[in-house]
Every structure is written in structure tokens, then in C-alpha cells.
Amino acid sequence: MSGDHGHGDSQVNSGSKGSDTHKHKDKHKDKEHRHKDHKKDKEREKLKHGNSEHKDHSEKKHRDKDKEKLKHSNGSSDKHKEKHKEKDKDKEKRREEKIKSSHVDKPKKEKENGYVRDTSPAAIKSEPEEDNGFYPSPQHNKTSKREYDDEEFEYKPKKVKTEHDKKAKKRKHEYEEDEEEDEDIKPKKKTKDKKVAEGKKAKKEEEEKWKWWEEERSTDGSKWRFLEHKGPVFAPPYERMPDKVKFYYDGKPMKLNAPAEEVATFFGKMLDHEYTTKDIFRKNFYKDWRKEMTSEEKSKITDLNKCNFSEMNDFFKAQSEARKQMSKGEKLKIKEENERLLQEYGFCIMDNHKERIGNFRIEPPGLFRGRGDHPKMGMLKRCIRPQDIIINCSKDSKHPKPPPGTKWKEVRHDNKVTWLASWTENIQGSIKYIMLNPSSRIKGEKDWQKYETARRLKKCVDRIRTQYREDWKSKEMRIRQRAVALYFIDKLALRAGNEKEEGETADTVGCCSLRVEHIKLYPKMDDQEYVVEFDFLGKDSIRYYNKIPVEKRVFKNLQLFLENKQPEDDLFDRLNTSILNKHLQELMDGLTAKVFRTYNASITLQQQLKELACPDDSLPAKVLSYNRANRAVAILCNHQRAPPKTFEKSMQNLQTKIDEKQNQLSAARKQLKAAKADHKASHDDKSKKILEMKRKAVQRIDEQLMKLQVQATDREENKQIALGTSKLNYLDPRISVAWCKKWVVPIEKIYNKTQREKFAWAIDMAEKDYEF
DNA sequence: CAGATCACTTAGAAGATAGTTA
DNA sequence: TAACTATCTTCTAAGTGATCTG
């Protein structure tokens with residue numbers, strides 16, 4: 001099968017839907033969706049698993065689910081907030097208790113032994129700064145490692161592997177549980193003494209590349225033993241517009257008070273953005289803006305359409321222009337200031353190591369930019385103050401100081417969580433966190449673990465597939481639904497699809513929350529039977545559109561699920577993510593719906609890399625193959641991007657370059673020919689030299705041309721596909737590392753600096769024969 | 001047991017920077 | 001040497017899923 005059933009016809013879903021009175025559907029319709037082309041369908045086709053046919057069973061009818069739920073009014077956002085407030089106090093009390101107890105029932109002695117000694121702030125602070133500043137110095141490093149060796153400390157480095165070989169293996173197996181072996185354990189069996197003997201610099205480097213993956217993991221559920229940081233960086237306070245920058249109402253200049261002006265500038269900044277043309281955005285903005293106005297302003301300003309923010313907009317444009325035009329010196333100064341801030345606030349100390357913080361800046365106030373048709377777009381995101389922030393750190397660390405004259409909301413010491421600070425955001429009432437960078441131990445370990453879980457799924461996926469196929473025949477509706485949903489999750493890499501509160505967010509769905517209106521069944525379509533067409537908005541309101549032939553039994557089940565339902569009813573009315581995950585948990589420890597995405601993504605990459613392997617390819621061609629494999633995954637996971645605005649142009653530029661190069665090549669070839677003739681005639685050294693030169697030139701140009709052509713292909717195929725997300729979140733980096741090693745491709749061709757930092761563990765541990 | 005809450009991962013867009021070219 | 005553009009980095013929204021709670 002192939003992609004020829006793709007869609008020049010993106011309206012396919014408007015056919016038989018009959019009445020258009022369902023709000024969900026309407027919402028979808030005025031959206032512009034990003035479409036994918038045939039390629040994608042084709043790729044998907046390739047990627048699916050085998051199938052076979054079974055006979056179908058009849059089934060008892062299911063009851064309709066209570067639809068009232070879907071219909072309650074949603075004008076209750078204020079009520080909602082009140083609720084939040086009231087509950088706040090309660091919540092905090094509860095939490096306090098929780099933390100207290102978690103501290104109490106911890107074996108105190110061990111803990112204190114653990115870190116008072118090892119990670120006292122003083123020990124780290126006293127590190128000589130010249131030592132590149134970032135990392136604890138070698139001396140410290142060594143000391144702490146030695147102390148690590150004391151019994152009962154859990155983060156035992158394995159550098160002393162010779163002595164702790166058993167433990168080393170134990171940990172490995174804990175994770176991998178693979179039939180694999182020891183050969184994985186690398187020969188870094190340096191002895192301590194040897195290390196001491198090594199130069200300071202060497203040791204420094206080693207610390208720079210702390211190999212947390214060679215150490216033991218904590219087993220007691222605590223995420224750290226010691227945590228010290230300086231708290232977040234706050235957004236600078238609002239600066240008034242210069243007087244010359246005027247706001248006009250109804251054509252007349254009007255001076256706004258600071259709060260109203262600030263909010264106005266948020267809007268003014270965005271004037272070029274499509275958001276500001278959307279009704280909901282404008283309505284929400286206007287409503288929140290008015291809250292900042294004085295009563296005088298309120299009575300004057302009664303219509304957003306009469307507001308003119310264009311001078312503000314010009315001002316910001318000029319400002320950013322000016323920034324670009326700044327002299328080198330000025331730019332450097334800013335850079336240095338940023339660097340200083342990063343040094344001071346961008347790192348924390350967690351268990352002996354200086355680790356990079358992911359987002360140490362508090363989100364500045366502004367207008368909420370929800371994705372898709374978000375009902376709250378345009379609302380004011382309020383400024384976060386110290387008294388909104390909860391700090392999390394070690395009791396015995398130097399606590400971060402709030403800015404002068406302010407207080408933190410709370411300082412707590414919860415080592416069951418990984419965040420350093422948190423606050424509650426005012427749009428959805430959700431909690432935001434400050435956490436560590438992906439290169440940190442705490443993130444890396446989790447990431448590694450994620451791929452190990454996916455590898456465990458690999459071992460039992462056949463069994464699970466057999467089982468859900470069996471379940472398609474179940475007498476119970478809920479089991480059939482569960483089985484069909486799981487099939488979609490497995491085959492199509494759909495997300496789980498938690499329920500969401502209606503009216504609070506954009507209307508998007510995942511597998512379990514699919515509605516009748518999101519699929520269409522075609523018993524026959526062209527040369528295929530039992531085709532299901534999916535058309536819905538997924539995470540970030542990215543459209544998922546796909547037509548796939550399914551097994552007859554699945555098809556019949558779907559027909560059954562659709563019986564007597566309205567378009568806005570749930571397709572799987574007897575299923576939700578928690579039911580599904582509970583079931584999965586029983587099938588394999590740690591299995592949840594999202595593991596399938598990870599598994600299928602990684603296994604696809606591995607397969608594709610094998611298939612596309614071509615040993616004789618040039619380096620760029622190999623990289624292209626890799627990108628193609630990556631792309632297959634991105635397509636599977638539906639990772640899309642808006643085609644870059646300059647795409648067409650940049651494609652053209654590239655083509656021009658190619659043409660030029662081609663001309664160059666033919667010119668060089670001519671010259672080579674001439675040189676050959678020359679040499680034949682004279683047979684002297686000089687002509688020989690020239691001949692060689694020309695020959696090399698041709699070769700060089702030819703390579704350059706190839707490279708350009710490959711680049712063009714790659715870019716074209718990438719037009720609306722985003723590779724980054726899968727590379728960063730779904731593909732076991734060890735597959736890529738192994739591939740690089742096998743084909744002698746420098747890892748830099750695949751991962752940039754940030755990515756190499758994130759995947760340092762994989763780069764260090766994967767050998768060329770690594771199997772996912 | 002359903003809904004709320006919390007912590008954490010996954011996501012595309014925007015913004016910043018680096019590299020290239022006119 | 002500015003302008004352009006490709007790539008990297010940051011930002012923060014939007015998911016998942018575990019746990020708590022009434």
C-alpha cells in the first residue's frame with residue numbers, strides 16, 4: 001500500500017457529517033490546520049506492524065454515557081479562581097504535614113552523615129574561582145570521592161570500579177535487565193592513586209564531565225541530599241514609555257497610568273502578530289486591561305477598536321533595531337552581564353556537583369499566548385513577585401535571599417521533588433517550576449530510565465499485541481474499547497488522551513479522548529478495505545490527519561462503538577487513560593501509554609538506520625540517511641512545524657548555488673581534460689603537477705556539489721517536519737551514538753552542543769553494537 | 001472512586017547568535 | 001559590514017501520569 005490515498009482533498013471530513021450544530025466541530029472548522037502531504041502517509045504505511053484477519057463477534061449493546069458532563073456552562077472562570085484561593089490555605093497545610101512526615105520518618109542519622117560532611121556549602125564555596133568557576137575543584141572532587149567510599153553513602157562513584165565491580169554490574173542490570181553482558185562496562189579502571197598523579201587540568205576535565213551514570217542511584221525515593229541555589233531572577237520592573245511615544249484613543253493622544261500603560265505595551269508589542277486580530281484574544285485582553293485602568297481611564301476607553309498602539313509598536317521595533325546596531329563593545333557588555341547573571345543564578349549545587357539550572361528566570365508578565373483556539377488567549381499573565389514563590393532547598397544550605405524588602409511565600413525542604421522554586425500561574429492556576437537543565441544528573445537518570453522501560457517493552461510487546469488482538473473479541477465492551485485504543489496507541493503512536501476541563505483549554509484530544517467526529521470509517525476506499533480516517537487536533541492543536549486500513553475486527557469494533565452516538569460523544573465511552581494505564585501496568589511493570597511512543601519511535605529509528613545503511617556513502621550522504629530515519633520517526637509521532645516563512649526563498653538560493661556549482665564543475669572538468677592532454681604531450685613534471693591539481697579540483701567541486709544536493713533534498717523533505725522533538729525526547733540516544741560509531745560519523749553531525757550535553761551519558765556508554 | 005493536585009515530560013514558537021554572503 | 005539566514009537556545013504552553021482527598 002502506499003500514499004496514493006493521501007489527500008489533495010483535505011475537506012474529506014465535511015462530507016456526511018450532516019448537521020453542523022456541534023460546537024466542537026465548528027471550532028475545528030475555522031481553524032487553519034497544518035497539513036501533511038502524501039509522503040507522510042506513505043511513511044506511515046511503511047511503519048505499521050504486521051496484521052492479520054480474524055472473524056468478528058457480535059456484541060451486546062452499550063449504554064450511552066452521560067452527556068450532561070459535556071454541556072455544562074463555562075462562564076465560571078471567576079468562580080474557578082475563588083475556588084483556587086480558598087483551597088490554597090488548606091493545600092499548604094496538607095503539604096506541610098506531608099513534608100514534615102517525610103522528613104521525620106527518614107533515618108536521620110544516615111542522612112546527616114550523608115551530606116553534612118560531604119557537601120557542606122563551605123567546602124564548595126572555598127573552591128578557587130580561577131578553576132573555571134563552574135565546577136568544584138579537583139581537590140574537592142577527590143576529597144568527596146574518598147568520603148563517598150565510606151559505607152552507606154548511596155552516591156558511590158564507580159571510579160573505584162575495580163573494587164566495586166559487583167555493584168557496578170548490579171546497577172547496570174537493574175536498569176537494563178538485558179541478556180547483555182559486561183563488555184559494556186568500560187575500562188576506566190583508574191586507581192585513585194593514579195588519578196592523584198594526574199595533572200590538575202586532567203582532573204578538572206574529569207570533573208567537568210562528571211559521569212553520574214557510573215554511580216549508584218538513590219533507592220529511597222529521595223531526589224537529592226543537598227541542594228543549594230540562589231533563587232530565581234525576577235523580571236525587571238516596568239519602565240515607562242518615553243513621553244514622545246503616545247497612545248491614542250479615538251485619534252487623540254492619551255497618557256495612561258503606569259499599570260494600564262504597561263499592559264497596553266504588551267498588546268502594542270504584538271501588533272504584528274496574528275493573535276491581536278483574533279476576537280477572543282482581543283476580548284480577553286481588553287477585559288484584563290480594564291482591570292488595570294483607573295476609573296477615569298475606564299470611563300474614557302470603551303472600545304478597543306478605537307485604541308491605537310502603533311507608536312508603542314514602532315518604539316519596540318526601533319528598540320530592537322537599535323539593539324542590533326549596537327557597537328561590538330556594547331554588545332559585549334550585555335553579553336558579559338548575562339554571563340554574570342548565569343554564573344550567579346544559573347547554577348545550583350546538588351549533591352556535590354554544580355549543575356546547570358534550566359529556567360532560572362521568572363516568566364515576565366505579558367499576554368497569555370495559548371496555542372490553537374485557546375479560550376484564554378490574551379489574558380494578562382501577571383507579574384510574579386517574591387511573595388508568590390516557594391523556594392525548595394536543603395535545610396542546611398545557604399537559603400536564597402529574596403530581593404531586599406520582600407519575602408518568599410515559603411521556604412521548604414522537600415527532597416522528594418526536583419524543583420528549586422515554584423509559583424502558581426494566574427491563567428490556569430497551574431504550578432510552574434524552576435528545575436535543572438537536561439544535562440543534569442537528575443534529568444539524565446530519568447531519561448535513561450525512560451529508555452530502559454521502553455526496552456523492556458520491546459521484550460514483551462509481542463505478547464501484549466497478541467493480547468489486545470485477543471481482546472478485540474471480548475464479550476465486554478470496555479475491554480474491546482481498551483484493546484482498540486491500545487492498538488491505535490501502538491500502531492499510530494497516538495498520545496494517551498487525558499480528559500481536560502472544557503472551556504479552560506483549546507479543544508484537543510488524544511487517543512482515549514477521541515470523539516465520534518474525529519474518525520470516519522470507509523469499508524472500502526479505492527483498493528483498500530476497512531479504512532479509518534483520523535482527523536483531529538492533538539497536543540498544541542497540531543492537526544493529526546491520517547487514513548489507514550485496519551483489520552476487519554478493529555473496523556467492526558469501531559462501527560459498534562459509533563452506534564447511537566452523536567458526533568461530539570466520546571468514541572471510547574468506557575475508557576479513560578487511568579483505566580488504560582492501570583491495565584498496562586498489569587501487563588508490564590512501569591508500562592503506561594506513553595511508553596509505546598518512546599518504544600515505537602526508538603525501534604523505528606533503529607530499523608530505519610539499518611535499512612538505509614550504505615557503507616560506501618559519503619559523510620553527507622550518511623547524515624542524510626540519518627536525518628531520513630529521524631524523519632520517519634517525526635512523521636510517526638506527527639511532529640510538525642510551520643514551514644519557515646523564508647522557506648521558498650531559501651530553497652531557491654540553494655538551487656542557485658547548485659547551478660553555480662554545476663557550472664564550476666563542468667569548467668573544472670574541461671580544465672582537467674586540457675591538463676591531461678597537456679601532460680600527454682609534454683610528459684614533464686610541471687604538467688603532471690598541474691594535472692594532479694586539476695584532478696583534485698574536480699574531485700573537490702564534485703564533493704561540494706553532492707553536499708549541496710544532499711542539503712537541498714534534506715531541507716525539502718523537512719519542510720514541515722520538526723526533527724528536534726523526537727531527537728530530544730523519543731529516540732534512545734544510544735542508537736544514534738552507536739550508529740555514529742559504526743559508520744565513523746562524528747557525533748557532532750548528529751547532535752549539537754546542547755544535545756551532546758544532554759546525552760553525555762549515552763555518548764559515553766554506547767558502543768557501536770548497541771541494540772535498543 | 002472521581003476529581004483535584006502536583007510533578008514532571010514533551011512541544012512548537014520565538015528570540016538570540018553565528019555564520020555566510022552581497 | 002550590513003543584511004540575511006540557518007541554527008541554536010530559550011521560553012513557556014500543553015501534555016502525561018501518579019498521588020491525594022473528600
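Keep in mind that what you see is a predicted model, and the values were worked out from it rather than measured.
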- Message: Please confirm whether the shortest side-chain N or O distance from Asn359(A) to OP1 or OP2 of dC11(C) is below 4.0 Å.
- Response: no
Are there any protein N/O atoms within less than 3.5 Å of an N/O atom in nucleotides 1-5 of chain C, and if so, which ones and at what distance?
residue	atom	partner	partner atom	Å
dT5(C)	OP1	Lys649(A)	NZ	3.3
dT5(C)	OP2	Lys649(A)	NZ	3.1

- Is any N or O donor-acceptor pair between the side chain of Lys446(A) and the base of dT9(B) shorter than 3.5 Å? no
- Item | Partner of Arg515(A) under side chain to side chain donor-acceptor pair (under 3.5 Å), chosen from Asp570(A), Asp573(A), Asp507(A) | Asp507(A)
- Query: Under 4.0 angstrom, heavy atoms only, what part of the nucleic acid is Gly358(A) near: base, sugar-phosphate, or nothing?
  - Reply: nothing
- Would you tell me if any nitrogen or oxygen in the side chain of Asn729(A) comes within less than 4.0 Å of OP1 or OP2 on dT9(B)? no
- Message: Between Lys432(A) and Glu363(A) (salt bridge meaning N to carboxylate O under 4.0 Å), is one present in this structure?
- Response: yes
- Query: How long is the line joining CD of Gln428(A) and C1' of dA7(B), in whole Å?
  - Reply: 16 Å
- Could you state the atom-to-atom distance from NE2 of His639(A) to P of dA14(C) in whole Å? 16 Å
- Between Lys432(A) and Gln755(A), who's closer to the 5' end of DNA chain C by nearest nucleotide? Gln755(A)
- Does a nitrogen or oxygen in the side chain of Ser422(A) sit under 4.0 Å from OP1 or OP2 of dC6(B)? no
- Query: How is Gly497(A) classified with respect to the nucleic acid when contacts are heavy atoms under 4.0 Å: base, sugar-phosphate, or nothing?
  - Reply: sugar-phosphate
- Quick one: side-chain contact (heavy atoms from CB on, under 4.5 Å) partners of Cys511(A), sequence neighbours excluded? Ala485(A), Phe488(A), Ile489(A), Leu494(A), Phe572(A)
- Item | ring-ring contact (aromatic ring centres under 6.0 Å, His included) partners of Phe596(A), counting only residues at least two apart | none
- Task: State whether Lys539(A) places a side-chain N or O below 4.0 Å from either non-bridging phosphate oxygen (OP1 or OP2) of dT10(B).
- Result: no
- Query: How would you list, by chain and number, every residue that makes a ring-ring contact (aromatic ring centres under 6.0 Å, His included) with Phe234(A), sequence neighbours excluded?
  - Reply: none
- Pairing of Asp732(A) and Arg734(A) as salt bridge, 4.0 angstrom limit: yes
- Of dC8(B), dT10(B), dG12(B), the nucleotide closest to the side chain of Asp540(A) is dG12(B)
- CG of Leu436(A) versus P of dT9(B): gap in Å, rounded? 10 Å
- Message: Side-chain N or O of Lys753(A) versus OP1/OP2 of dC8(C): is the shortest distance under 4.0 Å?
- Response: no
- Query: Checking Lys381(A) against Phe368(A): charged group under 6.0 Å from the ring centre and within 45 degrees of the axis?
  - Reply: no
- Note on the structure: Residue set satisfying side-chain contact (heavy atoms from CB on, under 4.5 Å) with Ile658(A), at least two apart, ordered chain then number -> Gln655(A), Gln662(A), Leu705(A), Leu708(A), Gln709(A), Ala712(A)
- Message: Looking at Arg356(A), I'd like to know whether one of its side-chain N or O atoms comes within less than 4.0 Å of OP1 or OP2 on dT10(C).
- Response: yes
- Message: How many whole angstroms separate atom NZ of Lys727(A) from atom P of dG12(B)?
- Response: 15 Å
- Query: Under 4.0 Å between a Lys/Arg side-chain N and an Asp/Glu carboxylate O for Arg441(A) and Asp351(A)?
  - Reply: yes
- Across all chains, not counting sequence neighbours, the salt bridge (charged side-chain N to carboxylate O under 4.0 Å, His left out) partners of Lys450(A) are Asp447(A)
- Task: Residues of residues 580-592 of chain A with any non-hydrogen atom less than 4.0 angstrom from an atom of DNA chain C: list those, numerically ordered, please.
- Result: Asn581(A), Thr592(A)
- Closer than 4.0 Å, any side-chain N/O of His273(A) to the OP1 or OP2 of dA14(B)? yes
- Separation of dC8(B) P from Tyr433(A) OH (nearest whole Å): 7 Å
- Query: Within less than 4.0 Å of OP1 or OP2 of dA13(C), is there a side-chain N or O belonging to Ser430(A)?
  - Reply: no
- Does a nitrogen or oxygen in the side chain of Arg597(A) sit under 4.0 Å from OP1 or OP2 of dT16(C)? no
- Taking NZ, NE, NH1 and NH2 as the nitrogens, is one of them in Glu336(A) or Lys333(A) under 4.0 Å from a carboxylate oxygen of the other? no
- Verify the contact: side-chain N or O of His374(A) to OP1 or OP2 of dA13(C), cut-off strictly under 4.0 Å; return yes or no. no
- Figure out the CZ/C1' separation between Arg371(A) and dT10(B), and round it to whole Å. 11 Å
- Task: For the pair Arg371(A) and Asp540(A), find out whether any cationic side-chain nitrogen is under 4.0 Å from an anionic carboxylate oxygen.
- Result: yes
- Grab the CG-P distance between Leu728(A) and dT7(C) for me, whole Å please. 17 Å
- Message: dG12(B), OP1 or OP2 - any side-chain N/O from Thr725(A) closer than 4.0 Å?
- Response: yes
- Sorted by chain and residue number, the side-chain hydrogen bond (donor to acceptor under 3.5 Å, both in side chains) partners of Arg385(A) (sequence neighbours excluded) come out as Asp388(A)
- Query: Does a side-chain N-to-carboxylate-O contact under 4.0 Å join Glu337(A) and Arg340(A)?
  - Reply: yes
Report, one pair per line, the protein and nucleotides 15-22 of chain B atoms (nitrogen or oxygen only) whose separation is under 3.5 Å.
none

- Only counting residues at least two apart or in another chain, list the ones meeting side-chain hydrogen bond (donor to acceptor under 3.5 Å, both in side chains) with Glu330(A). Ser327(A)
- Query: Taking only residues two or more places apart in sequence, or in another chain, which ones meet Tyr345(A) in a ring-ring contact (aromatic ring centres under 6.0 Å, His included)?
  - Reply: none
- Between atom CG in Asn752(A) and atom C1' in dT10(C), what is the gap in whole Å? 13 Å
- Message: Let me check I have this right: for DNA chain C, each base becomes ., (, ), [, ] or |, based on Watson-Crick or G-U pairs with both distances under 3.5 Å. What is the full string?
- Response: ||||||||||||||||||||||
- Taking for each residue the nucleotide of DNA chain C bearing the nearest heavy atom, is the 5' side occupied by Arg361(A) or by Lys500(A)? Arg361(A)
